[in-house]
Amino acid sequence: MSVTFQLSQIRETLPPTIDLVAVSKFQDLSAIEEAYHAGQRMFGENRVQELLFKYDRLPKDIQWHFIGHLQLNKAKYIAPFVDTVQSADSLRLLNELNQCAGKFNRRIPTMLQVHIAQEEHKFGFFFEEIEDLLRNKSLDSFVHLKITGLMGIATYTEDQEQIRKEFSSLAAFFRKMKNQYFVDNADFKELSMGMSDDYRIAVEEGSTMVRIGSKIFGLRKNTDKKLFES
Ligand SMILES: *Cc1c(COP(=O)(O)O)cnc(C)c1O
């Protein structure tokens with residue numbers, strides 16, 4: 001199945017207001033180019049080296065979303081060009097990103113990653129931590145960041161009800177934070193949830209942005225992997 005075909009299939013099932021981030025991690029340049037020529041502009045990557053490699057070689061109007069755990073010392077490499085960091089998962093990272101963005105005179109759209117899965121290893125803030133940050137106005141000094149919403153990854157499970165519960169609780173939390181802390185701030189509007197296997201549930205539960213990889217590109221290839229790593 002071609003990338004172009006898969007993309008059009010997914011677009012058909014998505015309400016038009018929902019943004020689609022094509023997760024291109026581990027995919028080679030030609031697959032991304034095919035999606036680009038089919039009209040796709042938002043792409044998601046989760047490793048800095050790989051993103052830099054692709055950024056250098058692909059059209060400059062691609063909107064790159066960083067969706068993986070970002071190490072503090074690597075924020076500076078993507079700060080000049082990244083469209084959105086979806087995976088801010090600590091106050092220290094937010095602070096570092098803010099400083100890097102300042103150096104490039106940017107205000108980087110940034111989403112707070114929320115830990116909603118049962119797995120221990122997934123990154124992200126807990127609900128209470130985000131509420132504390134907002135209540136204490138801890139993010140207000142980050143003038144080079146624009147907090148655009150929340151991102152979450154559901155548990156990797158066959159249990160659809162479990163997934164639905166996690167997305168629905170994240171959506172409720174998003175609405176609560178919006179009402180309490182961002183009523184007059186139109187920037188805070190994105191709820192990024194949903195991947196290949198669970199995006200339909202995510203959309204039903206209120207997602208505004210889905211991140212889809214394998215359903216567009218097929219299984220992840222490792223062919224160029226060596227090129228991406230330093
Ligand atoms: C890999 C990844 C995706 C896409 O996963 P698929 O199951 O291939 O659609 C989405 N979000 C994040 C954070 C990812 O790391």
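Every heavy atom of this structure was used, including side-chain atoms; hydrogens, water molecules and symmetry mates were not. Just so you know, ligand 1 is whichever comes first in the structure, and atom 1 is the first atom listed for that ligand. The first residue in the sequence is number 1, and the count goes up from there.
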Scan residues 36-45 for pairs that pass salt bridge (Lys or Arg N to Asp or Glu O under 4.0 Å), counting only residues two or more places apart or in two chains.
Arg41-Asp61, Glu45-Lys54
Could you list each nitrogen or oxygen of ligand 1 that sits under 3.5 Å from a protein nitrogen or oxygen, with the atom names and the distance?
from, atom 1, to, atom 2, distance (Å)
ligand 1, 8 (O), Ser214, N, 2.8
ligand 1, 8 (O), Ser214, OG, 2.9
ligand 1, 8 (O), Arg220, NH1, 2.9
ligand 1, 8 (O), Arg220, NH2, 3.3
ligand 1, 9 (O), Ser196, N, 2.9
ligand 1, 9 (O), Ser196, OG, 2.5
ligand 1, 9 (O), Gly213, N, 2.8
ligand 1, 11 (N), Arg211, NE, 2.9
ligand 1, 15 (O), Lys25, NZ, 2.7

Is a salt bridge present between Lys137 and Asp132, judged by a nitrogen-to-oxygen distance below 4.0 Å?
no
Could you tell me the separation between the NE2 atom of His65 and the CG atom of Leu51, rounded to the nearest 0.5 Å?
11.5 Å
Can you tell me how far CD1 of Ile212 sits from OG of Ser196, rounded to the nearest 0.5 angstrom?
5.5 Å
Taking all non-hydrogen atoms of both residues into account, name the closest pair between Thr208 and Lys189 and its distance.
CG2-O, 3.8 Å
Is the Lys NZ or Arg CZ of Lys176 less than 6.0 Å from the centre of Tyr181's six-membered ring, within 45° of the axis?
no
